[in-house]
Q: 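Got a structure for you, questions after.
Residue numbers begin at 1 in each chain, while the letters A, B, ... track the order of the sequences.
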Number of protein chains: 2
Amino acid sequence: MSEKSDFALQDFLPYLLNQAAEESSLAFQQVYKGRYGMLRTEWRVLFHLGMHGELTATEIGARARIHKTKISRAVQRLAERRFLSRQRNVRDRRSERLALTPAGEAAYRDLRDVAREYDARIAAQFTTGEVALLRMMLKRLAGMD
Amino acid sequence: MSEKSDFALQDFLPYLLNQAAEESSLAFQQVYKGRYGMLRTEWRVLFHLGMHGELTATEIGARARIHKTKISRAVQRLAERRFLSRQRNVRDRRSERLALTPAGEAAYRDLRDVAREYDARIAAQFTTGEVALLRMMLKRLAGMD
DNA sequence: TGTTGTTAGTTACAAAATCAACTATTATCC
DNA sequence: GGATAATAGTTGATTTTGTAACTAACAACA
């Protein structure tokens with residue numbers, strides 16, 4: 001048997017990060033998909049609006065690092081389903097001010113609570129110090145610091 | 001301005017993990033895509049074969065946690081481009097023994113070296129202890145322990 | 001033996017992501 | 001003011017992924 005193993009894929013950081021990301025997103029995905037029929041980009045847009053109130057598509061894209069076509073389609077779907085409302089900006093009529101509808105607010109609060117619990121359950125696997133370090137390192141790696 | 005911010009998306013672990021994974025994969029992706037026209041699943045299959053020698057599609061799927069349809073398509077493309085060869089298993093003619101061709105071996109060694117350097121560059125942002133802890137935590141989160 | 005169930009892998013169709021080109025509006029600067 | 005460039009967002013074509021159904025080969029057991 002040629003067990004060469006001259007490289008340890010299971011230690012390669014981008015690989016590990018992807019596997020951990022995928023695994024850790026799974027259960028949460030089932031919630032926003034199952035309860036609200038949302039896609040990944042859609043809950044992210046929902047959260048940004050829930051956290052910051054009115055924003056334009058470009059502002060959301062900049063904060064979340066999502067490409068404008070993805071945002072555009074997510075906004076469309078969220079608007080169709082009445083989770084958000086769009087209103088042309090008077091100052092710059094190219095852009096729209098996006099805001100959550102009451103239904104959007106409700107979905108946001110629901111998912112936010114799920115996210116909090118979910119995050120806590122993940123964090124509970126480690127010590128407080130470990131989790132703090134993890135978040136710090138991930139932020140640095142994500143270019144979010 | 002309604003800066004509610006009653007939730008910190010930038011601290012939500014699944015979100016952070018995804019952002020870090022995406023960011024940290026980018027430059028490596030450009031290498032395997034640019035040099036060999038490979039997709040994510042393809043370099044993973046390549047690496048598993050490079051590390052372990054002959055494997056069946058199912059074995060690769062089990063190790064890498066990739067669905068069989070993805071594997072099937074990745075194997076097809078890698079075979080078309082002569083990076084691997086397929087040979088029906090005599091004992092069980094449902095499965096195929098997959099192995100890298102010389103071209104596949106060369107691509108593997110090249111990308112493996114890139115991955116090593118790349119991993120080192122990421123790790124260099126932190127102390128040795130921090131990186132060891134990070135890998136440990138990611139493995140646990142990925143269910144790889 | 002033959003019926004039933006399981007496993008390996010492929011294929012077809014639908015859903016989603018990617019990339020480039022496009023419209024509409026605003027900004028720049030001669 | 002008017003030409004040119006830049007920006008906000010959308011759309012269409014292509015690629016990639018996901019889901020389910022499928023074929024072929026093997027296993028179990030009456």
Side-chain angles (χ1 to χ4, degrees), chain A residues 18-19 21-23 25-30 32-34 36-46 48-49 54-81 84-99, chain B residues 18-19 21-23 25-26 29-30 32-34 36-46 48-49 54-81 84-99:
Chain A
N18 269 291
Q19 298 286 131
E22 210 162 295
E23 180 64 30
S25 299
L26 235 147
F28 185 62
Q29 176 182 27
Q30 287 173 341
Y32 63 72
K33 192 173 174 183
Y36 303 102
M38 288 186 193
L39 304 174
R40 210 163 60 116
T41 308
E42 289 164 28
W43 80 256
R44 290 191 179 188
V45 167
L46 185 89
H48 280 279
L49 289 172
E54 275 195 354
L55 291 172
T56 67
T58 301
E59 286 166 344
I60 296 174
R63 287 171 188 275
R65 302 194 170 187
I66 303 176
H67 193 267
K68 61 184 182 175
T69 63
K70 266 189 179 175
I71 304 264
S72 175
R73 284 171 169 132
V75 166
Q76 247 175 322
R77 284 193 33 144
L78 288 170
E80 279 168 16
R81 296 166 187 219
L84 64 76
S85 63
R86 3 176 42 169
Q87 194 180 348
R88 282 238 164 272
N89 195 329
V90 186
R91 305 234 163 183
D92 182 343
R93 302 182 342 90
R94 286 171 302 186
S95 65
E96 289 179 320
R97 308 221 56 82
L98 306 172
Chain B
N18 269 290
Q19 298 285 131
E22 210 163 296
E23 181 65 30
S25 299
L26 235 147
Q29 176 182 27
Q30 287 172 341
Y32 63 70
K33 193 173 173 183
Y36 303 102
M38 289 184 192
L39 303 174
R40 210 165 59 118
T41 308
E42 290 164 27
W43 79 257
R44 290 191 180 188
V45 167
L46 186 89
H48 279 279
L49 289 172
E54 276 195 353
L55 291 172
T56 66
T58 301
E59 286 167 344
I60 296 174
R63 287 170 188 275
R65 302 192 170 189
I66 303 175
H67 194 267
K68 59 183 182 175
T69 62
K70 265 190 176 175
I71 303 265
S72 175
R73 291 195 259 245
V75 167
Q76 244 176 324
R77 285 191 35 140
L78 287 170
E80 278 168 16
R81 295 165 188 221
L84 64 77
S85 63
R86 5 176 42 171
Q87 194 180 347
R88 280 236 165 273
N89 195 328
V90 185
R91 305 234 164 183
D92 183 343
R93 302 181 345 88
R94 286 171 302 184
S95 66
E96 288 179 320
R97 308 220 56 82
L98 307 171

Q: Would you mind reading off the distance between A:Lys68 atom NZ and C:dA21 atom P, rounded to a whole angstrom?
A: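 The distance from NZ of A:Lys68 to P of C:dA21 comes to 13 Å, rounded to the nearest Å.
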Q: Within a strict 4.5 Å, meaning less than it, do heavy atoms of the A:Thr58 and A:Ser95 side chains meet?
A: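 Side chain of A:Thr58 against side chain of A:Ser95, heavy atoms only: no contact under 4.5 Å found.
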Q: For B:Leu39, answer base if it contacts any base atom (sugar-phosphate contacts may also be present), sugar-phosphate if it contacts only those atoms, and nothing otherwise; contact means non-hydrogen atoms under 4.0 Å.
A: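 Here B:Leu39 touches the backbone only, sparing every base.
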Q: Would you kindly check whether a donor in the side chain of A:Arg97 faces an acceptor in the base of D:dG9, or vice versa, at under 3.5 angstrom?
A: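 Side chain to base: no pair below 3.5 Å.
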Q: Do any side-chain nitrogens or oxygens of A:Gln76 fall under 4.0 Å of OP1 or OP2 in D:dG9?
A: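 Checking D:dG9 against A:Gln76, no side-chain N or O comes under 4.0 Å of OP1 or OP2.
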Q: Contact class for B:Arg77 (heavy atom, under 4.0 Å): base, sugar-phosphate, or nothing?
A: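 Here B:Arg77 touches the backbone only, sparing every base.
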Q: For A:Lys70 and A:Arg91, find the nucleotide of DNA chain C closest to each by heavy atoms; which residue's nucleotide sits nearer the 5' end?
A: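 Looking at the nearest nucleotide for each, A:Lys70 comes out on the 5' side.
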Q: Rounded to the nearest angstrom, tell me the gap between atom CG in A:Asp92 and atom C1' in D:dT7.
A: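 Those two atoms, CG and C1', are 8 Å apart.
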Q: Taking the side chain as every heavy atom from C-beta outward, state whether B:Ile71 and B:His48 have any atom pair closer than 4.5 Å.
A: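 Sidechains of B:His48 and B:Ile71: no contact.
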Q: Whole-Å distance between D:dT17 P and B:Arg40 CZ?
A: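 Rounded to whole Å, this separation is 8 Å.
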Q: Atom NE2 of B:His67 to atom P of C:dT11: distance rounded to whole Å?
A: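 My rounded result for the distance is 16 Å.
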Q: Quickly work out the B:Gln29 CD to C:dA17 P distance and round it to whole Å.
A: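 Checked: the CD to P distance equals 15 Å.
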Q: For the base of C:dT7, is there a side-chain donor-acceptor partner from B:Arg94 under 3.5 Å away?
A: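 Answer is yes: a donor-acceptor pair is held.
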Q: Assign the ring pair A:Trp43 / A:Tyr32 to parallel, tilted or perpendicular, where the plane angle (0 to 90°) is split at 30° and 60°.
A: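 Aromatic pair A:Trp43/A:Tyr32 classed tilted.
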Q: More 5' along DNA chain C: A:Lys33 or A:Arg93, using each one's nearest nucleotide?
A: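 The residue mapped nearer the 5' terminus is A:Lys33.
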Q: Could you tell me how far apart A:Met38 (CE) and C:dA15 (C1') are, to the nearest whole angstrom?
A: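 Spelled out: CE on A:Met38 to C1' on C:dA15 is 18 Å.
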Q: Just checking A:Thr69: base, sugar-phosphate only, or nothing, at a heavy-atom cut-off of under 4.0 Å?
A: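 Since a base atom lies under 4.0 Å of A:Thr69, the category is base.
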Q: Do any N or O atoms from the side chain of B:Arg81 and from the backbone of B:Gly37 form a donor-acceptor pair under 3.5 angstrom?
A: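 Yes, B:Arg81 side chain to B:Gly37 backbone: donor-acceptor pair under 3.5 Å.
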Q: Examine the base of D:dG9 for any acceptor or donor lying under 3.5 Å from a partner atom in the side chain of A:Arg86, and report the outcome as yes or no.
A: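 There is none.
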Q: Could you measure the distance from the CD atom of B:Gln76 to the CZ atom of B:Arg73? Nearest 0.5 Å is fine.
A: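 CZ of B:Arg73 is found 8.5 Å from CD of B:Gln76.
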Q: From CZ of B:Arg65 over to P of D:dT17, roughly how many Å is that when rounded to an integer?
A: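 Distance, rounded to whole Å: 19 Å.
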Q: Establish, with yes or no, whether the OP1 or OP2 oxygen of C:dT10 is under 4.0 angstrom from a side-chain nitrogen or oxygen of B:Ser72.
A: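 For C:dT10, OP1/OP2 do have a side-chain N/O of B:Ser72 under 4.0 Å.
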Q: Could you check B:Val90 against B:Arg73 and say which one's nearest nucleotide on DNA chain D is further toward the 5' end?
A: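 Looking at DNA chain D, the more 5' nearest nucleotide goes with B:Arg73.
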Q: Output the rounded distance in Å from CD1 (B:Ile60) to P (C:dT10).
A: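 Taking CD1 of B:Ile60 and P of C:dT10, I get 11 Å after rounding.
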